[in-house]
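What follows is one structure encoded as structure tokens, with my remarks underneath.
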Amino acid sequence: MPNKSWRDYAFAILSVSVCSALCFAMYPRFELTNLVMVYLLGTLAVAARGNRWAAGISSALGVLCFDFFFVPPRFTFTVSDAQYVWTFAVMFTVAMIISHLTIRLQEEAEAARQSEQRTTWLMEKAKKAEVEAETERLRSSLLSSVSHDFRTPLTAIVGSAGTLLGKDEIKKNPVLREQLENIQEEGGRLSRLVQNLLEVTRLESGSLRIRKELYPLEEVIGSALERVERSMPGRPVTVDFPENLPLVPMDAMLVEQVFINLLENGIRHTPAGSGLEVSASADEKAILVTVSDHGAGLKDEELERVFDKFYHDKASPGAGLGLAICRAVVNAHGGRIWATNGPDHGAIFQFTLPRGELSHGK
Amino acid sequence: MENEKVLLVIEDEPAILIFLRSSLEEHGWEVLEARTARIGLDMAAKKKPDAILLDLGLPDKDGLVALKELRKWTSAPVIIISARGQENDKISGLDAGADDYLTKPFGINELLARLRVAMRHSEEKPEDAAPVYDHEGLKVDLIGRHVWLKKKEIHLSPLQYDLLAVLVRNAGRVVSQKQLMKEVWGETRDVTPELVRITVHQLRHKIEPDPVRPRSLKTEPGVGYRLEAES
């Protein structure tokens, strides 16, 4: 802090000047030793600013001024009585000791203040970490109980509806059948929503570990199709993968969920009966997957926002979680996901999965 | 109806018990209910059920621990109930001697199919295992080592055939990745999970008309594979 130290030196000179002026006023009525006290006081004031060098200069200047202005013969540096040399030495030493002690006292006070601050900061941090750990514990226990508490009644609802649907009386009665199918299908949908909600929470809390192993993409899209074609039947999905598509390191359960969410999203937002296409290609670095549909496509401002959590367009049902999960999963794999519009309508969702590192699998 | 088979259901949720009891009784099963693992183990010892349905989330004891205790003295088929996201539990369950598993939510037909397959495997002696598998146009003759797809004989590599044979012997039942590695590759050290996946992939391209939508060789995500039971 050069600026501040410049001020300290100026203050030292000012202080010595003021002390000298005061001493001139006192001189006729006081003994010379008392004038020494005035200079010492001035040095104390300089030292109080915490600059050792300025205090030193103040001490030295004080001795010089005292000698020059007041010690006979006055207005010379020569000294008539040798005992004054002793006075100067004591005066300088005392001034230096006072300034040293003052500055050290200040430094210690500052150190104490800083360590107190650090302690408070550390304590706050420790407390915060404790609160975070507690929140995390709460969250995961909440997650598993929500998962259990939702799945159990849903299993009973979907299961009981399914059992009734197998009965001959029901098969003969179209009204009962339709109502029961409604219960079964919507129960299934609710179950998938709960699954998505759990997954998004797990992905965000970081409690979900990605376990990458090498998989043929075909196996993963196969499991996804099996589930989608059962829950939302009647939509032709074409899969076109090149024969020599390499294995990709991935967490297969999570990537399967990405496929399911992209396909279900596509089916929900396109006219009944229209098809969807899934294709893939690979270069040295990554595998690129494309899922395209034949709907109305996305508005320009939606292209980014569709991946935001809880975003959904008002015209269609959905919790706005599916695509958010896709993005979280793809990002966690080190890939990228984005949406565009095709040349002849329809939305195109694409994502990449890097072919590189295999992580802590097994 | 022939003499009823007895199924012990170890499950603490009344709603699921109601669903299971009336659905199963209609299909010729007598259902015993146990709300805790302790009661379940006790009933399994006293009533000697033909099969056991075990929920992994029990209030008093880890379902996997209960399963290990069961397996010390009974060979009755055990099917575990679990959820998606609990694949590690499913694998541990199969390792600990469970015959199969169901993922919530499941329907009664799925449960009946699992029970049928588990009962068949527990009742048959190795020598009367059906040497021929026939499902959706896929036919496998384990004695003559022949495989046909839509009446046309197809040729598999020895590894592909061995893998298919293990699945045929377990038809209808899930076979874990680990089990396949052990039974197909034996003690070979350098077998990896991806080698199993590649072999299944190649096999599908030979035995499935549409390998993306397998009709016979299904994937059990996160666990292994299942060759559909003959219908």
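Naming: A, B, ... by sequence-line order, numbering from 1 per chain.
By number of non-hydrogen pairs under 4.5 angstrom with chain A, the leading residue of Glu11(B), Arg204(B), Glu13(B) is Glu13(B).
More than 12 non-hydrogen atoms from other residues, nucleotides or ligands lie less than 6.0 angstrom from NZ of Lys206(B). The number of heavy-atom neighbours closer than 6.0 Å to CZ of Phe241(A), taken from other residues, nucleotides and ligands shown, is above 12. When the shell of 6.0 Å around NZ of Lys218(B) is examined, it contains more than 12 heavy atoms from other residues, nucleotides or ligands. Around CZ of Arg38(B), the count of heavy atoms belonging to other residues, nucleotides or ligands within 6.0 Å does not exceed 12.
Distance OG1/Thr152(A) to CZ/Phe19(B): 12.5 Å, rounded to 0.5 Å. Taken to the nearest 0.5 Å, the OG1 atom of Thr163(A) stands 7.5 Å off from the CD atom of Glu26(B).
Glu229(A) touches chain B through its side chain: at least one heavy atom from C-beta onward sits under 4.5 Å away, while N, CA, C and O do not. Only the side chain of Glu87(B) has a heavy atom closer than 4.5 Å to any heavy atom of chain A. If you measure heavy-atom distances from Ser160(A) to chain B, the contacts under 4.5 Å come from both the backbone and the side chain. Residue contact with chain B, scored on non-hydrogen atoms closer than 4.5 Å, is absent for Val278(A). Ser223(A) touches chain B through its side chain: at least one heavy atom from C-beta onward sits under 4.5 Å away, while N, CA, C and O do not. Residue contact with chain B, scored on non-hydrogen atoms closer than 4.5 Å, is absent for Pro153(A). Of the atoms belonging to Arg227(A), it is side-chain heavy atoms, and not backbone ones, that fall under 4.5 Å from chain B.
For the 3.5 Å distance criterion, the side chains of Glu218(A) and His205(B) qualify, holding a donor opposite an acceptor.
Using a distance-only test at 3.5 Å, with no hydrogens or angles considered, no donor-acceptor pair links the side chain of Arg151(A) to the main chain of Pro105(B).
Closest approach of Phe106(B) and Thr155(A) over heavy atoms only: CE2-CG2, 4.0 Å. The two atoms that bring Met253(A) and Gly222(B) nearest to each other are SD-N, 3.7 Å, heavy atoms only.
Side chains of Ile198(B) and Glu219(A) form no contact here, defined as non-hydrogen atoms less than 4.5 Å apart. Inter-residue side-chain proximity for His201(B) and Leu247(A) is flagged as unmet; no heavy-atom pair is nearer than 4.5 Å.
Comment: Arg213(B) does not engage Glu226(A) in a salt bridge, judged by the lack of any side-chain N to carboxylate O separation of less than 4.0 angstrom.
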